[in-house]
Structures are given as C-alpha cells and as structure tokens.
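Chain naming here is simple, since letters A, B, ... match the order of the sequence lines and numbering starts at 1 in each. In this text, all values refer to a predicted model and were calculated from it rather than measured experimentally.
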2 protein chains.
Amino acid sequence: MPQTGAALRRSDAHPTKIRILDAAEELFAARGYHGVSIREITQMANVEVALAHYHFGSKEELFRHVVTRRIDEHCSRLIEDLDRAQAAAPNGIAPVEEIVRAFCRFSFAKTSSADAGWKRYLQLLARTSQLPMYEPVLAPINRPYGIIVVRYSEALRAALPTIQPGNLATAFYMLQGIVSRLLAETEMLERQSHGLCSASDFDSHLERLVPFVAAGFYALAGRPELISARNGSEPPT
Amino acid sequence: MPQTGAALRRSDAHPTKIRILDAAEELFAARGYHGVSIREITQMANVEVALAHYHFGSKEELFRHVVTRRIDEHCSRLIEDLDRAQAAAPNGIAPVEEIVRAFCRFSFAKTSSADAGWKRYLQLLARTSQLPMYEPVLAPINRPYGIIVVRYSEALRAALPTIQPGNLATAFYMLQGIVSRLLAETEMLERQSHGLCSASDFDSHLERLVPFVAAGFYALAGRPELISARNGSEPPT
DNA sequence: GTCTATAATGAGATAGAC
DNA sequence: GTCTATCTCATTATAGAC
C-alpha cells in the first residue's frame with residue numbers, strides 16, 4: 001500500500017484534492033457553474049467543506065482548475081491526430097475528410113470509453129461553451145485551444161486552396177457546433193429519431209459527421225465536384 | 001393614454017408583468033437559470049421582489065413563463081416558412097436548400113432585427129439547450145417543437161428520397177447544432193476569424209450555412225452529384 | 001396590485017484546534 | 001492536511017398593511 005495514513009480519510013482510492021476535482025467535474029457538467037454549491041461537491045467527494053477552500057481558495061478557482069486540468073492533454077492529442085493525418089498523406093496535405101476525422105477522434109474515443117472523468121470534462125466544455133464565461137476562466141482555455149484553431153485551419157486551407165478565409169472560419173465554427181452538440185449528449189437526438197439514433201453511439205456519429213462536414217467544406221470552397229471522389233459512392237446506412 | 005393610474009409605477013411603458021418577463025429573459029439568456037436571482041430581475045424591471053412571486057409564484061415558474069412566452073409564435077413561423085418553400089416548388093417538393101433556408105429565416109431575421117426581446121429569447125434557448133433541463137420546463141418546449149422536427153424531416157425526406165432514416169435524423173440534429181451555435185452569438189467566431197467574421201452578421205451566416213448544410217445532406221443521401229447543380233458554381237466570397 | 005417587513009434557509013469563506 | 005465552529009451575506013418565499 002503506497003498511501004500513508006494521513007492521505008486517506010475513507011476507503012476511497014484517491015487523495016482529497018483529486019476527489020474534489022472529480023466531484024466538481026461531474027456536478028459542473030450536469031448543472032453548470034452556478035447550479036452547483038461547494039457543499040454539494042465536497043459532500044459527493046466525502047470531504048469537509050473547508051478542504052475545498054484549503055486546496056483551491058475559492059469556488060471560481062476550483063472551476064478554473066476543473067476546466068484547466070485536462071486541457072493541455074486534450075489539445076496535445078488534437079495536434080498529434082492532425083500530425084498523423086498529415087504524415088499519412090503522400091505530399092503532407094491531408095484530405096478534408098481526414099482532418100475532420102482527426103478533429104473528432106480523441107474526443108469521441110474518450111467519451112465512448114469507460115473513462116467517466118474525460119467524458120464529463122468534455123460534456124462540461126460542450127455544454128458551457130455557448131454561455132458567456134468570465135475572462136479569467138476563458139483565457140486558460142483559449143490559449144492552448146487557439147493553437148488548435150490555427151493548426152487545423154492551416155491544414156484545411158492546404159486541402160482547399162480555393163476557399164475564402166471567411167468561408168473557412170465559418171465552416172470550422174460550424175464543425176465545432178456539431179461536435180459540441182454531439183459531445184453534450186442531450187436526449188434530443190434519441191427523441192427526435194424515435195430511438196433510431198443513440199446519443200452515445202459515437203462510431204455512428206463519426207461515420208455520418210465526416211462526409212456531412214467534408215461535403216460542406218467542399219461546397220464552400222467552390223469544389224463540389226470533389227465530394228463524390230472522396231466519399232466513395234455510398235453514405236453510411 | 002390607455003393605461004390607468006394603477007398600471008404604471010414609474011415612467012416605463014409596459015405593465016409590471018411584462019417588465020418582469022423582459023428582464024428575466026435578458027438575464028437568464030446572459031447567465032442561465034441558476035446564475036440569476038429574482039432580486040436582480042426585479043431590480044432591472046424596477047419593481048419590488050414580492051411582485052415576481054405575486055405574478056409567477058416561484059422562480060421556476062417564472063423561467064417556464066419566459067421560455068414559453070414566444071414558443072408558439074416561433075414554431076408557427078417555422079411552419080409558415082416551410083409551407084411557403086413547398087408552395088413555391090412546382091411539384092410541392094421544396095429543394096434541400098430552401099428547406100434549410102426556411103429553418104433559419106425567422107430566427108436569423110429576429111436576431112438581426114431591433115427586437116431585443118426576440119434576440120434574447122433565441123439566445124436563451126440556444127445557450128441552455130445543451131444543458132440538461134427539468135422535465136417541467138422541457139415539456140412545454142418540446143410539444144410544439146416536436147411538430148417542427150416532424151414537418152421538416154418529412155420535407156427533407158421528400159427532397160432526398162434515398163436518404164436513410166438515421167442519416168436524416170443525425171443530419172437534422174447537426175443542422176440544429178450549427179443554428180444553435182450561431183444564435184448563441186459567442187465571441188469565438190470573431191476571435192477565431194481575427195475579426196473577419198462578425199457574430200451578428202446573420203446574412204453572411206445564412207449564405208454560408210445553406211450551401212454547407214445542403215451539401216452535407218446530399219452527401220448523406222448518397223447524392224453528391226446534386227450539390228453542384230443546386231449551388232451554382234460559386235460559393236459566397 | 002403594490003408595498004414593507006421578515007421568516008427560513010443556504011451560500012461562500014475564514015479562524016483556530018488538532 | 002483535516003476538522004469543527006462560526007461569520008457574513010444573499011437567497012427564495014410569505015404575511016399582512018395599504
């Protein structure tokens with residue numbers, strides 16, 4: 001047993017600080033920043049209220065730690081997947097489909113996996129990203145994520161040399177809107193499809209998203225004739 | 001002057017109940033349900049706190065009234081615009097582009113207009129639609145909106161007879177994600193495009209969204225060859 | 001319908017013993 | 001690092017005069 005006696009208060013396997021972060025992640029994802037109290041968080045984490053303030057100072061700082069905790073790995077993986085797509089292309093210019101796939105791969109894989117922490121973190125970002133946020137909490141997200149936007153935009157521009165800058169920015173923004181809505185996992189998709197589509201079936205989502213978004217990019221690049229060549233003849237069934 | 005003496009407390013033009021609803025709409029749109037107190041709302045409305053309880057009973061009921069107030073007109077207009085698109089088609093089968101345009105027209109027009117109330121209502125729906133909501137507040141939205149989903153899905157199925165039901169449902173869900181993100185008007189688009197795209201320029205949004213989404217639908221219907229025929233040769237610049 | 005006053009609770013945060 | 005106790009303030013909601 002690696003833990004010392006002081007490290008664990010109950011039978012839980014993680015130290016206090018991590019348990020608070022995990023509980024906060026889950027509750028913030030479910031009800032947003034204002035919908036959750038520190039008391040609820042510490043109760044779920046099985047620690048005293050004062051420990052949240054000892055470890056994080058304030059509620060806002062705790063929230064900042066939650067959204068910051070995984071952002072660097074998240075962005076690193078997004079870059080790695082883009083690098084892989086470009087390395088696989090003969091001339092280093094990855095096709096639109098592979099760029100779009102790279103943008104989704106890590107998030108979709110983590111959300112589908114048994115790793116509940118990552119799933120909740122991605123839900124938290126997706127669900128709160130459309131609400132106005134405080135600058136102190138927005139900045140630590142936008143610094144690494146801004147690099148993602150630049151790298152993916154450059155890759156898409158290379159794949160679509162004819163596309164106008166405004167069309168590229170808007171198309172990428174629309175892609176983010178789609179991904180965000182899927183990661184948020186609302187009940188709407190299941191209800192609207194009468195149970196035909198499951199919100200958690202990200203393999204199906206990806207096989208539909210890639211041709212949908214790629215076709216959109218080609219259309220906005222003035223290259224609709226490329227769509228059938230890239231897609232193959234049949235869409236997912 | 002139509003108002004009686006008892007109707008107005010200050011110089012504002014609207015009766016108390018409306019003023020509370022307007023203030024609540026604005027604040028709920030900005031910070032979500034839990035991020036706003038009744039005190040803030042009544043303060044912005046220039047009325048006493050007790051009047052919110054007199055008119056609406058509880059905070060949750062007030063929120064329900066805010067999201068319910070405009071939903072019927074909203075849905076009626078969505079149906080009207082779809083009807084118009086279908087009436088304009090020779091055989092009653094509107095092309096995908098016109099269906100997508102009809103789905104956006106009213107919301108984009110209201111958000112671009114001087115009508116701040118409608119703009120905030122649409123922001124409220126867009127920003128909170130990805131957070132889990134109480135069933136009592138979800139039901140009054142989903143009843144009329146469910147009809148919209150059915151009608152638009154039928155129209156799209158008529159325009160795309162080869163599309164698989166799962167592809168149709170997911171594609172429509174992706175369309176909703178795009179529209180929702182645009183209506184939410186985050187600062188992300190302006191930042192990511194380095195000021196090239198304005199979040200409030202819904203004319204540009206529409207001219208980019210329609211070919212993007214229509215191409216996506218055609219791709220998922222296995223009919224990519226239709227895209228160039230419908231779009232014309234050049235995308236928006 | 002509107003106001004004042006107040007109840008009842010829960011919130012974020014801190015001090016100090018251990 | 002952890003716990004108990006407490007401070008201070010804001011919250012939803014209601015009672016009752018006008």
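- B:Phe56 places its CZ atom 13 Å from the P atom of D:dA13, with the value rounded to the nearest Å.
- Within the structure, every side-chain polar atom (N or O) of B:His34 is placed at least 4.0 Å from both OP1 and OP2 of D:dT11.
- At whole-Å resolution of the value, CD in A:Gln43 and P in C:dG12 are 13 Å apart.
- Checked for salt-bridge contact, B:Arg69 and B:Asp22 meet the test: a charged N lies under 4.0 Å from a carboxylate O.
- For A:Ala50, the side-chain atoms get nearest to D:dT4 when compared with the rest of D:dT4, D:dT14, D:dT2.
- Side-chain contact annotation: B:Ser180 with B:Gln130, donor-acceptor N/O pair under 3.5 Å absent.
- Distance, B:Glu40 CD to D:dC9 P: 18 Å, rounded to whole Å.
- Taking the charged nitrogens against the carboxylate oxygens, A:Arg31 and A:Glu40 do have a contact shorter than 4.0 Å, which makes a salt bridge.
- Between A:Leu21 and A:Leu62, the closest side-chain pair of non-hydrogen atoms falls below 4.5 Å.
- Taking atom CD1 on A:Ile38 and atom P on C:dG10, their separation rounds to 16 Å, with Å as the unit.
- A straight line from OH of B:Tyr33 to P of D:dT11 spans 13 Å, rounded to a whole angstrom.
- Contact annotation: B:Ser37 reaches the phosphate of D:dT11 (side-chain N/O to OP1 or OP2, under 4.0 Å).
- With rounding to the nearest 0.5 Å, the separation of CD in A:Glu135 from CG in A:Asn142 is 7.5 Å.
- Nearest nucleotide to the A:Glu48 side chain, out of D:dC3, D:dA13, C:dT2: D:dC3.
- Taking atom CG of residue B:Leu27 and atom C1' of nucleotide D:dT11, one finds them 16 Å apart after rounding to whole Å.
- Note: CG (B:Leu51) to P (D:dA13) measures 15 Å, nearest angstrom.
- Scanning atom types as modelled, no donor and acceptor separated by under 3.5 angstrom connect the side chain of A:Arg39 and the base of C:dG10.
- The side chain of B:Thr16 contributes no N or O atom lying less than 4.0 Å from OP1 or OP2 of C:dG1.
- Summarising the geometry, the separation between NZ on A:Lys59 and C1' on C:dA13 is reported as 13 Å, rounded to the nearest angstrom.
- The side chain of B:His53 sits closest to D:dT14 out of C:dT2, D:dT14, D:dC3.
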